[in-house]
Amino acid sequence: PLLRIGVLRNARFMSGATTDAVRQLALAGLLFIVPVYAQSALGFSAIDSGLAILPFSAAVFVLSMTTSGLATRVAPKWLILGGLALFWVGIVVLAAIVSIDMQVVDFILPMTIMGIGIGLFVAQIVNLTISQVTTAEQNEGSGTHNTLRELGSALGTAVLGAVLLTTVYSGLTDALLRADGIDASPAEREQLAVVLEDELSAVAPEDGDKWFEALPEEQQEAVAETVGAAQVDSMEAALVWTAGFVLLGILIATFLPGRKKQDAVARDVPKPALK
(Lines give C-alpha, C1' and ligand atoms only; values in the text may rest on other atoms or scores of the structure.)
Protein backbone atom coordinates (compact mmCIF):
# COMPACT_ATOMS: atom_id res chain seq x y z
CA PRO A 1 0.00 0.00 0.00
CA LEU A 2 1.05 3.60 -0.59
CA LEU A 3 -0.05 4.64 2.88
CA ARG A 4 -0.63 2.75 6.10
CA ILE A 5 -3.88 4.03 7.59
CA GLY A 6 -2.31 3.88 11.04
CA VAL A 7 -0.45 7.10 10.21
CA LEU A 8 -3.79 8.90 9.88
CA ARG A 9 -4.92 7.54 13.25
CA ASN A 10 -1.93 9.15 14.96
CA ALA A 11 -3.62 12.18 16.55
CA ARG A 12 -0.35 13.88 17.52
CA PHE A 13 1.02 13.61 13.99
CA MET A 14 -2.25 14.68 12.35
CA SER A 15 -2.57 17.73 14.60
CA GLY A 16 0.82 18.94 13.35
CA ALA A 17 0.15 18.12 9.69
CA THR A 18 -3.29 19.75 9.79
CA THR A 19 -1.96 22.85 11.54
CA ASP A 20 0.67 23.24 8.84
CA ALA A 21 -1.94 22.73 6.10
CA VAL A 22 -4.20 25.45 7.52
CA ARG A 23 -1.22 27.78 7.95
CA GLN A 24 -0.25 27.19 4.32
CA LEU A 25 -3.84 27.82 3.24
CA ALA A 26 -3.76 31.26 4.86
CA LEU A 27 -0.22 32.03 3.69
CA ALA A 28 -0.71 31.01 0.05
CA GLY A 29 -3.93 32.98 -0.13
CA LEU A 30 -2.27 36.03 1.43
CA LEU A 31 0.68 35.93 -0.97
CA PHE A 32 -1.84 35.77 -3.82
CA ILE A 33 -4.18 38.59 -2.80
CA VAL A 34 -1.52 41.11 -1.70
CA PRO A 35 0.22 41.39 -5.12
CA VAL A 36 -3.15 41.37 -6.91
CA TYR A 37 -4.40 44.22 -4.74
CA ALA A 38 -1.11 46.10 -4.97
CA GLN A 39 -1.05 46.02 -8.76
CA SER A 40 -4.75 46.28 -9.62
CA ALA A 41 -5.93 48.71 -6.92
CA LEU A 42 -2.79 50.62 -5.91
CA GLY A 43 -1.15 50.70 -9.33
CA PHE A 44 2.12 49.16 -8.11
CA SER A 45 4.57 47.80 -10.63
CA ALA A 46 5.77 44.21 -10.32
CA ILE A 47 8.95 45.49 -8.65
CA ASP A 48 7.00 47.61 -6.17
CA SER A 49 4.81 44.62 -5.33
CA GLY A 50 7.93 42.58 -4.69
CA LEU A 51 9.32 45.31 -2.43
CA ALA A 52 6.05 45.33 -0.47
CA ILE A 53 6.46 41.60 0.25
CA LEU A 54 10.25 41.75 0.79
CA PRO A 55 10.06 42.43 4.57
CA PHE A 56 8.00 39.27 4.97
CA SER A 57 10.47 37.13 3.02
CA ALA A 58 13.48 38.59 4.85
CA ALA A 59 11.91 38.03 8.27
CA VAL A 60 10.97 34.43 7.43
CA PHE A 61 14.51 33.70 6.23
CA VAL A 62 16.23 35.20 9.27
CA LEU A 63 13.87 33.75 11.90
CA SER A 64 13.71 30.26 10.39
CA MET A 65 17.53 30.12 10.26
CA THR A 66 18.21 31.50 13.73
CA THR A 67 15.44 30.21 15.99
CA SER A 68 15.58 26.44 15.49
CA GLY A 69 17.68 26.13 18.65
CA LEU A 70 14.99 27.78 20.77
CA ALA A 71 13.30 24.39 21.04
CA THR A 72 15.94 23.38 23.60
CA ARG A 73 14.66 26.09 25.96
CA VAL A 74 11.01 26.50 24.95
CA ALA A 75 8.61 23.72 23.99
CA PRO A 76 8.14 23.71 20.18
CA LYS A 77 4.36 23.79 20.67
CA TRP A 78 4.54 27.24 22.25
CA LEU A 79 6.89 28.56 19.58
CA ILE A 80 4.42 27.37 16.93
CA LEU A 81 1.48 28.94 18.73
CA GLY A 82 3.43 32.16 19.21
CA GLY A 83 4.34 32.22 15.52
CA LEU A 84 0.71 31.76 14.47
CA ALA A 85 -0.35 34.49 16.90
CA LEU A 86 2.16 36.93 15.38
CA PHE A 87 1.01 35.94 11.88
CA TRP A 88 -2.56 36.77 12.92
CA VAL A 89 -1.49 40.11 14.43
CA GLY A 90 0.28 41.07 11.20
CA ILE A 91 -2.84 40.29 9.16
CA VAL A 92 -4.99 42.38 11.51
CA VAL A 93 -2.55 45.30 11.28
CA LEU A 94 -2.62 45.11 7.48
CA ALA A 95 -6.42 44.97 7.44
CA ALA A 96 -6.55 48.05 9.69
CA ILE A 97 -4.46 50.20 7.33
CA VAL A 98 -5.80 49.03 3.96
CA SER A 99 -6.66 52.01 1.78
CA ILE A 100 -6.54 53.06 -1.84
CA ASP A 101 -3.62 55.42 -1.09
CA MET A 102 -1.20 52.88 0.40
CA GLN A 103 2.50 53.13 -0.41
CA VAL A 104 5.23 50.48 -0.31
CA VAL A 105 6.41 51.70 3.11
CA ASP A 106 2.95 51.02 4.57
CA PHE A 107 3.51 47.29 4.09
CA ILE A 108 6.75 47.15 6.08
CA LEU A 109 5.31 46.77 9.59
CA PRO A 110 2.52 44.22 8.94
CA MET A 111 4.62 42.12 6.55
CA THR A 112 7.54 42.07 9.01
CA ILE A 113 5.28 40.93 11.86
CA MET A 114 3.83 38.20 9.66
CA GLY A 115 7.30 37.14 8.55
CA ILE A 116 8.54 36.84 12.14
CA GLY A 117 5.53 34.67 12.98
CA ILE A 118 5.95 32.37 10.00
CA GLY A 119 9.70 32.14 10.63
CA LEU A 120 9.08 30.92 14.17
CA PHE A 121 6.47 28.48 12.90
CA VAL A 122 8.39 26.83 10.07
CA ALA A 123 11.49 26.40 12.22
CA GLN A 124 9.59 23.98 14.47
CA ILE A 125 6.56 22.44 12.77
CA VAL A 126 8.20 19.83 10.53
CA ASN A 127 10.48 18.33 13.17
CA LEU A 128 7.74 18.28 15.79
CA THR A 129 5.24 16.66 13.41
CA ILE A 130 7.49 14.00 11.89
CA SER A 131 8.89 13.07 15.31
CA GLN A 132 5.44 11.75 16.28
CA VAL A 133 5.62 8.76 13.89
CA THR A 134 7.87 5.74 14.15
CA THR A 135 11.06 5.42 12.15
CA ALA A 136 9.37 2.93 9.83
CA GLU A 137 6.55 5.40 9.16
CA GLN A 138 8.64 8.50 8.55
CA ASN A 139 8.54 8.30 4.74
CA GLU A 140 4.76 7.97 4.78
CA GLY A 141 4.47 10.64 7.44
CA SER A 142 6.57 13.06 5.43
CA GLY A 143 4.55 12.34 2.28
CA THR A 144 1.25 12.83 4.09
CA HIS A 145 2.48 16.05 5.66
CA ASN A 146 3.65 17.46 2.33
CA THR A 147 0.42 16.44 0.59
CA LEU A 148 -1.76 18.18 3.16
CA ARG A 149 0.42 21.28 2.96
CA GLU A 150 0.14 21.41 -0.84
CA LEU A 151 -3.62 20.89 -0.57
CA GLY A 152 -3.78 23.84 1.81
CA SER A 153 -1.78 25.96 -0.63
CA ALA A 154 -4.13 25.18 -3.52
CA LEU A 155 -7.24 25.84 -1.45
CA GLY A 156 -5.87 29.08 -0.04
CA THR A 157 -5.24 30.59 -3.47
CA ALA A 158 -8.65 29.45 -4.72
CA VAL A 159 -10.73 30.45 -1.70
CA LEU A 160 -9.16 33.82 -0.90
CA GLY A 161 -8.87 34.71 -4.58
CA ALA A 162 -12.57 33.98 -4.98
CA VAL A 163 -13.40 36.11 -1.92
CA LEU A 164 -11.36 39.00 -3.33
CA LEU A 165 -12.99 38.94 -6.76
CA THR A 166 -16.51 38.20 -5.57
CA THR A 167 -16.48 41.08 -3.09
CA VAL A 168 -15.22 43.52 -5.74
CA TYR A 169 -18.05 42.75 -8.14
CA SER A 170 -20.64 42.64 -5.36
CA GLY A 171 -19.49 46.09 -4.22
CA LEU A 172 -19.66 47.48 -7.75
CA THR A 173 -23.13 46.01 -8.22
CA ASP A 174 -24.42 47.53 -4.99
CA ALA A 175 -22.96 50.93 -5.95
CA LEU A 176 -24.64 50.83 -9.37
CA LEU A 177 -27.99 49.83 -7.85
CA ARG A 178 -27.78 52.63 -5.29
CA ALA A 179 -26.90 55.17 -7.97
CA ASP A 180 -29.98 54.18 -9.99
CA GLY A 181 -32.22 53.91 -6.93
CA ILE A 182 -33.00 50.25 -7.61
CA ASP A 183 -33.99 47.94 -4.77
CA ALA A 184 -32.91 44.35 -5.49
CA SER A 185 -33.06 41.19 -3.41
CA PRO A 186 -29.82 39.45 -2.30
CA ALA A 187 -30.34 36.76 -4.94
CA GLU A 188 -30.82 39.37 -7.65
CA ARG A 189 -27.73 41.28 -6.54
CA GLU A 190 -25.71 38.08 -6.64
CA GLN A 191 -26.94 37.30 -10.15
CA LEU A 192 -26.18 40.83 -11.33
CA ALA A 193 -22.68 40.61 -9.84
CA VAL A 194 -22.02 37.45 -11.87
CA VAL A 195 -23.27 39.16 -15.04
CA LEU A 196 -21.11 42.22 -14.32
CA GLU A 197 -18.03 40.05 -13.80
CA ASP A 198 -18.65 38.22 -17.09
CA GLU A 199 -19.17 41.46 -18.99
CA LEU A 200 -16.13 43.25 -17.57
CA SER A 201 -13.85 40.24 -18.07
CA ALA A 202 -14.69 40.37 -21.79
CA VAL A 203 -13.56 44.00 -22.09
CA ALA A 204 -9.96 44.55 -23.17
CA PRO A 205 -7.97 46.79 -20.77
CA GLU A 206 -7.22 49.33 -23.49
CA ASP A 207 -10.94 49.59 -24.36
CA GLY A 208 -11.74 50.16 -20.69
CA ASP A 209 -9.12 52.91 -20.49
CA LYS A 210 -10.57 54.62 -23.58
CA TRP A 211 -14.08 54.46 -22.12
CA PHE A 212 -12.87 55.91 -18.83
CA GLU A 213 -10.91 58.73 -20.46
CA ALA A 214 -13.93 59.70 -22.58
CA LEU A 215 -16.00 60.41 -19.46
CA PRO A 216 -16.37 63.93 -18.07
CA GLU A 217 -13.96 64.70 -15.23
CA GLU A 218 -16.66 64.56 -12.55
CA GLN A 219 -17.78 61.14 -13.72
CA GLN A 220 -14.18 59.92 -13.82
CA GLU A 221 -13.79 60.89 -10.18
CA ALA A 222 -17.06 59.18 -9.25
CA VAL A 223 -16.11 55.97 -11.09
CA ALA A 224 -12.62 55.94 -9.58
CA GLU A 225 -14.05 56.47 -6.09
CA THR A 226 -16.61 53.69 -6.54
CA VAL A 227 -14.10 51.20 -7.90
CA GLY A 228 -11.53 52.12 -5.24
CA ALA A 229 -14.04 51.63 -2.43
CA ALA A 230 -15.04 48.23 -3.82
CA GLN A 231 -11.38 47.16 -4.05
CA VAL A 232 -10.65 48.25 -0.48
CA ASP A 233 -13.75 46.39 0.79
CA SER A 234 -12.70 43.27 -1.11
CA MET A 235 -9.18 43.34 0.34
CA GLU A 236 -10.54 43.83 3.85
CA ALA A 237 -12.93 40.90 3.38
CA ALA A 238 -10.14 38.66 2.09
CA LEU A 239 -7.93 39.60 5.04
CA VAL A 240 -10.76 38.85 7.48
CA TRP A 241 -11.07 35.38 5.93
CA THR A 242 -7.30 34.95 6.16
CA ALA A 243 -7.30 35.91 9.83
CA GLY A 244 -10.14 33.45 10.41
CA PHE A 245 -8.11 30.62 8.87
CA VAL A 246 -5.16 31.51 11.10
CA LEU A 247 -7.41 31.40 14.17
CA LEU A 248 -8.52 27.93 13.05
CA GLY A 249 -4.83 26.95 12.83
CA ILE A 250 -4.25 28.27 16.35
CA LEU A 251 -7.18 26.19 17.61
CA ILE A 252 -5.83 23.02 15.98
CA ALA A 253 -2.31 23.79 17.24
CA THR A 254 -3.53 23.60 20.85
CA PHE A 255 -3.68 19.82 20.32
CA LEU A 256 0.01 19.63 19.37
CA PRO A 257 2.28 17.59 21.65
CA GLY A 258 4.40 19.63 24.03
CA ARG A 259 7.70 18.36 22.65
CA LYS A 260 9.21 16.00 20.09
CA LYS A 261 8.55 12.34 20.75
CA GLN A 262 12.25 11.48 20.83
CA ASP A 263 12.86 14.21 23.40
CA ALA A 264 10.00 12.92 25.53
CA VAL A 265 11.37 9.39 25.42
CA ALA A 266 14.88 10.56 26.28
CA ARG A 267 13.56 12.60 29.19
CA ASP A 268 11.63 9.66 30.62
CA VAL A 269 14.57 7.22 30.48
CA PRO A 270 16.06 6.98 33.98
CA LYS A 271 19.70 7.93 34.27
CA PRO A 272 22.06 5.21 35.55
CA ALA A 273 23.15 5.67 39.14
CA LEU A 274 26.76 6.69 39.64
CA LYS A 275 28.88 4.16 41.51
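Heavy-atom basis, side chains included; hydrogens, waters and symmetry copies ignored.
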task = Test side-chain contact (heavy atoms from CB on, under 4.5 Å) on Leu160 and Leu30 and set out the steps.
result = CA-CA 8 Å; Leu160 295 180; Leu30 181 78; 5.5 Å; no
task = Give the C-alpha distance, both sets of side-chain angles, the deciding distance and a yes or no for side-chain contact (heavy atoms from CB on, under 4.5 Å) between Phe87 and Ile116.
result = CA-CA 8 Å; Phe87 186 34; Ile116 292 172; over 6 Å; no
ask   = Which is it for Leu27 and Val246 under the side-chain contact (heavy atoms from CB on, under 4.5 Å) test, yes or no, and what are the steps along the way?
value = CA-CA 9 Å; Leu27 178 58; Val246 176; over 6 Å; no
inquiry  = What verdict does the side-chain contact (heavy atoms from CB on, under 4.5 Å) test give for Thr19 and Thr129, after you've listed the backbone C-alpha separation in whole Å, the side-chain angles of each residue and the deciding distance to 0.1 Å?
reply    = CA-CA 10 Å; Thr19 299; Thr129 301; over 6 Å; no
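Ile130 contributes atom CD1, which lies 5.0 Å from atom OG of Ser142 (distance to the nearest 0.5 angstrom). Here the straight-line distance linking atom CD1 of Ile53 with atom CG of Asp48 works out to 11.5 Å at 0.5 Å rounding. The line from CG of Leu109 to CE of Met111 is 11.0 Å long, rounded to the nearest 0.5 Å. With rounding to the nearest 0.5 angstrom, the CG atom of Asn10 is 7.0 Å from the CD atom of Gln132. For the atom pair CG (Leu31) and CD1 (Ile118), the distance works out to 9.0 Å, reported to the nearest 0.5 Å. To the nearest 0.5 Å, atom CE of residue Met235 and atom OG of residue Ser99 are 11.0 Å apart.
Counting only heavy atoms from C-beta outward, the side chains of Arg23 and Ile80 never approach each other to under 4.5 Å. Residues Leu148 and Met14 meet the side-chain proximity criterion, which asks for heavy atoms closer than 4.5 Å. Two residues are said to be in side-chain contact when any heavy atoms from C-beta on lie closer than 4.5 Å; Thr67 and Leu79 fail this criterion. With a 4.5 Å cut-off on side-chain heavy atoms, Leu239 and Val98 count as touching. At least one side-chain heavy atom of Leu164 sits under 4.5 Å from a side-chain heavy atom of Val36. The shortest side-chain heavy-atom distance between His145 and Asp20 falls under the 4.5 Å cut-off. Looking only at side-chain heavy atoms (C-beta outward), Phe121 and Leu84 come within less than 4.5 Å of each other. A heavy-atom distance below 4.5 Å is not found between the side chains of Phe107 and Thr112.
Cluster annotation: Leu120 and Val89 are assigned to the same hydrophobic cluster (Ile/Leu/Val/Met/Phe/Trp/Tyr, side-chain heavy-atom contacts under 4.5 Å, transitive). Val34 and Val240 end up in different hydrophobic clusters when Ile, Leu, Val, Met, Phe, Trp and Tyr side chains are linked at under 4.5 Å. Hydrophobic clustering (side-chain heavy atoms under 4.5 Å, transitive across Ile, Leu, Val, Met, Phe, Trp, Tyr) groups Phe13 together with Leu151. Under the 4.5 Å side-chain heavy-atom criterion for grouping Ile, Leu, Val, Met, Phe, Trp and Tyr, Leu251 is not connected to Leu25 through any hydrophobic cluster. Note on Ile100 and Val105: separate hydrophobic clusters, where clusters join Ile, Leu, Val, Met, Phe, Trp and Tyr whose side-chain heavy atoms are under 4.5 Å apart, directly or indirectly.
With Ser170 contributing its side chain and Thr167 its backbone, the two residues share no donor-acceptor pair below 3.5 Å. In this structure a side-chain-to-backbone donor-acceptor pair under 3.5 Å is present from Lys77 to Thr254.
Heavy atoms of other residues, nucleotides or ligands lying less than 6.0 angstrom from CG of Asn146 number more than 12.
Here the closest non-hydrogen pair linking Pro110 and Val93 is CB-CG1, 4.0 Å. Nearest heavy atoms, Gly161 versus Phe32: CA-CE2, 3.6 Å. Summarising the geometry of Pro55 relative to Leu51, their closest heavy-atom pair is CD-O, 3.3 Å, with the distance given to 0.1 Å. Closest non-hydrogen pair, Arg149 versus Gln24, comes out as O-CG, 3.3 Å. Across all their heavy atoms, Ser64 and Val122 have their closest contact at CB-CG2, 3.7 Å. Taking both residues in full, the closest heavy atoms of Trp88 and Ala243 are given as CD1-O, 3.4 Å, listed atom of the first, atom of the second, then distance.
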